[in-house]
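Below, chains carry the letters A, B, ... as their sequence lines are ordered, and counting in each starts from 1.
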There are 2 protein chains.
Amino acid sequence: MAGGGDALDLAAIDAKAELTAEEKAALVMSLKNKLEGLVAQHTDVLESLAPKFRKRVDVLRDIQSKHDELEAKFIEERAALEAKYQKLYEPLYSKRYEIVSGMVEVDDITKSEDETPTEQKEKGVPDFWLNAMKNNEILAEEIRKRDEEALKYLKNITWCRIDDPKGFKIEFSFDTNNPFFKNSVLTKTYHMIDEEEPILEKAIGTEIEWYPGKCLTQKVLQKKPKEGSKDTKPIIKTKDCESFFNFFNPPQVPDDDKEIDEDMAEQLQDQMEQDYDIGSTIRDKIIPHAVSWFTGGSR
Amino acid sequence: MAGGGDALDLAAIDAKAELTAEEKAALVMSLKNKLEGLVAQHTDVLESLAPKFRKRVDVLRDIQSKHDELEAKFIEERAALEAKYQKLYEPLYSKRYEIVSGMVEVDDITKSEDETPTEQKEKGVPDFWLNAMKNNEILAEEIRKRDEEALKYLKNITWCRIDDPKGFKIEFSFDTNNPFFKNSVLTKTYHMIDEEEPILEKAIGTEIEWYPGKCLTQKVLQKKPKEGSKDTKPIIKTKDCESFFNFFNPPQVPDDDKEIDEDMAEQLQDQMEQDYDIGSTIRDKIIPHAVSWFTGGSR
């Protein structure tokens with residue numbers, strides 16, 4: 001190992017091989033990194049050391065390398081463990097989907113039951129995902145009254161890891177008879193710079209193909225033309241409005257840092273954190289425990 | 001499984017068996033929970049369902065139970081994996097400590113080296129932990145100039161999980177010739193309500209036994225007595241001041257919520273988050289990668 005000058009490389013290795021960030025408090029954002037610069041704070045400690053100390057530090061570095069090799073194995077094994085269990089959950093999620101969407105009927109329901117004709121026509125569990133999400137505090141804040149009509153057509157939510165670039169993707173499947181938009185699947189993808197930390201690079205959502213007059217993320221305002229105006233037609237303006245479906249149009253980090261000032265950067269970072277919070281709530285809470293959320297509000 | 005009414009129990013089970021919170025963004029604080037109340041948002045979804053739907057939901061609940069059993073196993077296996085690697089790191093940390101503190105000399109250093117007498121007297125790697133911490137942005141902000149003299153005597157930092165209550169403990173070992181305080185070990189313990197989430201319950205630090213006139217967390221102010229006053233002795237007042245060692249006197253959550261208003265609660269939550277951030281930085285970054293931090297500032 002060289003006596004100095006490789007500190008930057010070491011830093012790069014360490015960033016990848018970060019130990020358990022399971023309880024990591026802060027979500028470090030790409031924006032913050034961009035603004036603060038990615039240069040490691042090299043302090044030339046080594047260069048200023050006497051030869052004796054330098055030799056001790058060289059031995060310490062060998063110890064650190066051995067640690068980092070072990071740690072890389074740990075991270076690998078942990079990822080494999082997670083993947084193993086995701087596979088085990090898969091058939092349970094499929095079964096849940098079949099019952100919720102009404103593709104499959106549960107065994108002990110027969111025609112002889114005391115039911116009204118309306119119930120017999122209704123398949124599955126209506127409004128399952130809408131109610132599961134509404135019982136979660138973070139998501140409840142995002143869902144407007146107007147959104148609920150469209151979210152009734154939501155029939156499944158799934159997620160998977162993506163590898164290149166690293167991150168994860170959430171898929172929302174909608175019934176094809178949904179009168180609000182054409183898409184049968186809306187996705188939200190998070191690209192992570194560092195999955196351990198985690199550092200979000202960017203979020204990408206499906207562009208929603210709203211049917212005419214059905215857009216939930218914009219409101220149409222009709223204004224009467226000014227009195228005495230030649231044109232007698234009302235002026236039609238659209239205005240962005242709050243909606244759960246804005247989740248599919250996440251905040252974007254500008255390519256050029258110079259485009260934004262500090263206040264804007266802070267605001268953008270807050271928005272990105274909130275957006276990530278919604279995504280990870282859906283992934284870590286709603287999808288694995290949807291039934292508990294539906295029945296009474298899990299935590 | 002009962003048709004309803006057990007939603008609260010389900011919620012309790014789910015809170016424990018939360019899936020991978022590795023990339024969890026927000027640190028949910030005990031304070032927030034206290035203020036918002038711990039009552040699950042039960043929405044009586046089940047009671048309002050027709051019998052047919054209720055049967056489907058019962059089947060869904062069985063599926064959820066199967067999922068939660070698997071998930072509990074996953075969490076157990078992941079904890080075992082982490083413990084296995086912590087054991088593997090242990091001898092490397094010990095070796096590091098021996099070299100840093102000068103208990104053991106590295107092999108290829110001999111008396112024949114071109115060294116000054118001062119160097120020969122200096123054992124180990126001086127200021128190792130101080131410099132490792134100073135190269136981390138979060139910790140650098142906490143370390144005042146005044147603190148550095150005392151942190152030179154810091155000879156090791158270790159951590160371990162604690163089980164009852166759940167959480168972790170960080171130990172700072174100081175040289176016994178440290179002229180600032182009597183304690184040879186300062187500890188900081190974090191009690192977690194939920195390790196997966198994570199929800200911090202409280203933090204506890206060692207009370208530091210400062211030697212007279214050596215306290216770094218208070219400043220002594222000498223004021224001249226007012227002119228014409230009978231007493232001619234200067235008035236001595238102490239004032240709290242910023243110091244890394246305030247880390248061992250963490251913010252306390254009052255037992256009675258009514259003691260604090262909303263602004264105070266928010267301020268306290270910020271302080272607790274910052275305190276937890278410092279603790280988890282030391283545990284997850286400094287301890288595993290101390291050499292990389294020392295040599296050039298890991299990330």
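In this structure, CD on E105(A) lies 10.0 Å from NZ on K55(B), to the nearest 0.5 angstrom. Interatomic distance, L92(B) CG to L70(A) CG, rounded to the nearest 0.5 Å: 6.0 Å. In this structure, the separation between NZ on K123(B) and NZ on K52(A) is 11.0 Å, given to the nearest 0.5 Å. For the atom pair CD1 (I63(B)) and OH (Y97(A)), the distance works out to 14.0 Å, reported to the nearest 0.5 Å. Atoms CG and NZ, on D62(A) and K95(B) in that order, are 9.0 Å from each other to the nearest 0.5 Å.
Across all non-hydrogen atoms, the minimal contact from Q64(A) to A290(B) is OE1-N, 3.6 Å. Nearest heavy-atom pair, Y85(B) versus E77(A), reported as atom, atom and distance to 0.1 Å: OH-OE2, 2.5 Å. Here the shortest heavy-atom pairing between P126(B) and F53(A) reads CD-CE2, 3.6 Å.
In this structure the side chain of H289(B) reaches within 4.5 angstrom of the side chain of H67(A), judged on heavy atoms. The side-chain heavy atoms of V106(B) and D58(A), taken from C-beta on, include no pair separated by under 4.5 Å. Two residues are said to be in side-chain contact when any heavy atoms from C-beta on lie closer than 4.5 Å; L60(A) and F294(B) fail this criterion.
Proximity to chain B (any heavy atom under 4.5 Å) is shown, for K73(A), by both the backbone and the side chain.
When the salt bridge (Lys or Arg N to Asp or Glu O under 4.0 Å) test is applied to D270(A), no partner is found at least two apart in sequence or on another chain.
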